[in-house]
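All ligand and atom numbering here is 1-based and tracks the order in the structure. If you read the sequence from its start, that first residue is 1, and numbering goes on from there. Predicted model, so just to flag it, every value in this text is computed and none were measured.
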Amino acid sequence: MPISDDSIDATFARMFEKLQGIVPEAEIRYKAELAFEINQLKREKNAIILGHNYMEPALYHSVPDFVGDSLELSRKAASTDKDIIVFCGVRFMGETAKILSPGKTVLVPSPKAGCSLAESLTAEDVRNLKKQYPGVPVVSYVNTYADVKAESDICCTSGNSTAVVESLDTDTIIFLPDEYMAGNIARETGMKVIFPIKNPRELGKQHKDLQYTIIGWRGRCEVHEQFTVDDIKNVRKQFPDAVILAHPECSPAVVQASDFSGSTSAMIKYVQENRAERYLLLTECSMGDNIAAENRAKEMLRLCSIRCPHMNEITLEMTRDALLKNQFQIEVPEDIRIKAKKAVDRMLAIG
Ligand code: 13P
Ligand code: SF4
């Protein structure tokens with residue numbers, strides 16, 4: 001929720017209350033000035049700011065009207081009546097907002113905010129897979145670009161991937177592009193994962209052997225692939241009471257060794273609702289700061305000081321400039337948008 005924007009001092013006071021001990025006071029003071037300016041601009045321009053859970057703590061706790069995971073923010077993008085959507089997240093998220101709200105101006109504050117998963121796969125790759133596996137439904141993780149979504153039957157997010165796969169009521173799917181998420185879905189559904197085979201004749205043989213099959217792609221999140229089972233063992237040795245939470249973009253072995261796996265918002269909710277005092281978060285580091293700010297009595301352990309370089313592109317300065325200069329506008333060609341929207345709407349209908 002946005003904080004009061006009556007004055008810079010009021011903005012600072014509210015941010016300080018949330019962030020003291022997490023962000024240095026001088027930084028809060030500087031960022032409060034920016035947040036004040038952004039909240040004024042937002043009102044003048046009839047804009048809404050959506051903030052992904054990975055935004056840095058001062059941004060996260062000051063300017064977004066809504067914060068959340070990809071699924072929650074897609075829903076907000078679909079239902080807003082504002083003229084401008086500023087998406088403090090990465091490009092594929094802005095594209096999803098534009099797919100759902102074509103009449104709005106959608107801005108992502110940095111043109112460099114990509115995603116290693118989205119970049120691992122092209123629409124041409126999907127067309128080739130469909131030729132290789134005719135009639136097999138294509139499920140695409142939302143961490144893909146619009147042209148890939150347009151080639152897909154249905155999308156999913158980390159919050160609903162298993163529900164989406166189960167809704168298809170089929171024994172074989174193509175799941176793109178996250179190899180680890182495919183493995184995690186396979187574990188939950190009892191399916192098996194195979195990776196594309198060049199010769200379609202070999203495919204026929206494979207299908208006879210495998211009753212329930214996910215045809216996967218070797219895309220990975222450059223952040224979540226860094227966590228290992230050894231990391232978990234080391235933390236459990238030092239902090240036997242720590243509850244371990246892993247995002248489904250972590251490897252199946254890491255997810256299996258953890259206590260809970262879910263979308264970024266599901267992890268936040270888990271910490272809020274659980275009584276344990278110590279947690280290890282196997283996800284992007286800033287989210288640990290954001291959870292710590294809201295749960296002062298709980299300790300958030302983090303293994304990795306590396307932030308997602310793409311999410312890290314989004315700063316308060318860039319968000320202010322986005323509103324001032326109407327940049328960087330997301331455009332999706334209409335033919336692609338219409339096809340992609342079918343896949344996104346089908347997912348949203350599932351929940
Ligand atoms: P969520 O949908 O869980 O927020 O995940 C998005 C993402 O990019 C995680 O790396
Ligand atoms: Fe993409 Fe991973 Fe960054 Fe999420 S954390 S935006 S999946 S690179």
Open item on the list: Could you tell me, atom by atom, which parts of ligand 2 come under 4.0 Å of a heavy atom of Y54?
Closed with: 5 (S)
- [ ] Check whether any N, O or S atom of C221 sits under 2.8 Å from atom 2 (Fe) of ligand 2.
- [x] yes
Open item on the list: Only heavy atoms of N143, strictly under 4.0 Å: list the atoms of ligand 2 that pass.
Closed with: 7 (S)
TODO: Tell me which part of E284 gets within contact of ligand 2: side chain, backbone, both or neither, using heavy atoms under 4.0 Å.
DONE: neither
- [ ] Just jot down the ligand 1 atoms closer than 4.0 angstrom to any heavy atom of S70, in number order.
- [x] 1 (P), 2 (O), 4 (O), 5 (O), 6 (C)
- [ ] Check E284 against ligand 1 and report side chain, backbone, both or neither, counting heavy atoms closer than 4.0 Å.
- [x] neither
Open item on the list: Any salt bridge linking K42 with D65? Criterion: basic side-chain nitrogen under 4.0 Å from a carboxylate oxygen.
Closed with: yes
Task: atom 1 (Fe) of ligand 2 reached by H310 (N, O or S, under 2.8 Å) - done: no
TODO: Examine the proximity of ligand 2 to S116 and report which part, side chain or backbone, both or neither, has a heavy atom under 4.0 Å away.
DONE: both
TODO: Considering only NZ, NE, NH1 and NH2 on the basic side and carboxylate oxygens on the acidic side, decide whether E273 and K269 come within less than 4.0 Å.
DONE: yes
Task: Presence of salt bridge, E33 and R29, under 4.0 angstrom - done: no
Task: Lys/Arg N to Asp/Glu carboxylate O, E124 vs R127, below 4.0 Å - done: yes
Open item on the list: Does the plane of the ring in H247 sit parallel, tilted or perpendicular to the ring in Y54? Use 30° and 60° as the thresholds.
Closed with: tilted
- [ ] For D69, take its heavy atoms, then give the atoms of ligand 1 lying under 4.0 Å from any of them.
- [x] 1 (P), 2 (O), 4 (O)
TODO: Would you mind running through ligand 2 and noting each atom that sits below 4.0 Å from a heavy atom of L117?
DONE: 7 (S)
Task: Basic-acidic side-chain contact under 4.0 Å: E277, K298 - done: no
TODO: Consider every N or O of H247 and every N or O of ligand 1, then say whether any pair is closer than 3.5 Å.
DONE: yes
- [ ] Report yes if some N/O of H52 lies less than 3.5 Å from some N/O of ligand 1; otherwise report no.
- [x] yes
Task: side-chain hydrogen bond (donor to acceptor under 3.5 Å, both in side chains) partner of S286, the single match among R307, R302, E56, H52 - done: R307
Open item on the list: Does the residue M267 have a heavy-atom contact with ligand 1, meaning some pair of atoms that are separated by less than 4.0 Å?
Closed with: no
TODO: Considering the heavy atoms of S263, write down every atom of ligand 1 situated less than 4.0 Å from one of them.
DONE: 3 (O)
Open item on the list: Need the ligand 1 atom indices (1-based, order shown) with element for anything under 4.0 Å from a heavy-atom of N143.
Closed with: 7 (C), 8 (O)
- [ ] Taking atom types as modelled, find out whether D171 and T213 have a side-chain donor-acceptor pair closer than 3.5 angstrom.
- [x] no
Open item on the list: With heavy-atom distances below 4.0 Å as the criterion, list the atoms of ligand 1 near E249.
Closed with: 7 (C), 8 (O), 9 (C), 10 (O)
TODO: Number the atoms of ligand 2 from 1 as they appear, then name those within less than 4.0 Å of a heavy atom of E249, with their elements.
DONE: 2 (Fe), 7 (S)
Open item on the list: Any salt bridge linking R236 with D259? Criterion: basic side-chain nitrogen under 4.0 Å from a carboxylate oxygen.
Closed with: yes
- [ ] Could you check atom 3 (Fe) of ligand 2 against the protein and tell me its nearest heavy-atom contact, residue, atom and distance included?
- [x] C308 SG, 2.4 Å
Task: Pair E294, H61: side-chain N/O donor-acceptor within cut-off below 3.5 Å - done: yes
- [ ] Report the nearest protein non-hydrogen atom to atom 1 (Fe) of ligand 2: residue, atom name, distance rounded to 0.1 Å.
- [x] C115 SG, 2.4 Å
- [ ] State plainly whether the residues K98 and E95 are in salt-bridge range, i.e. N to O under 4.0 Å.
- [x] no
- [ ] Treat each ILVMFWY residue as a node, draw an edge where side-chain heavy atoms are under 4.5 Å apart, and state whether M55 and L41 are in one component.
- [x] yes
Open item on the list: Considering non-hydrogen atoms of the protein only, which is the closest contact for atom 3 (O) of ligand 1, and what is the distance?
Closed with: S158 OG, 2.6 Å
- [ ] Identify the residue among I314, I38, T315 that makes a side chain to side chain contact (heavy atoms under 4.5 Å, CB included) with L59.
- [x] I314
- [ ] Consider every N or O of T157 and every N or O of ligand 1, then say whether any pair is closer than 3.5 Å.
- [x] no
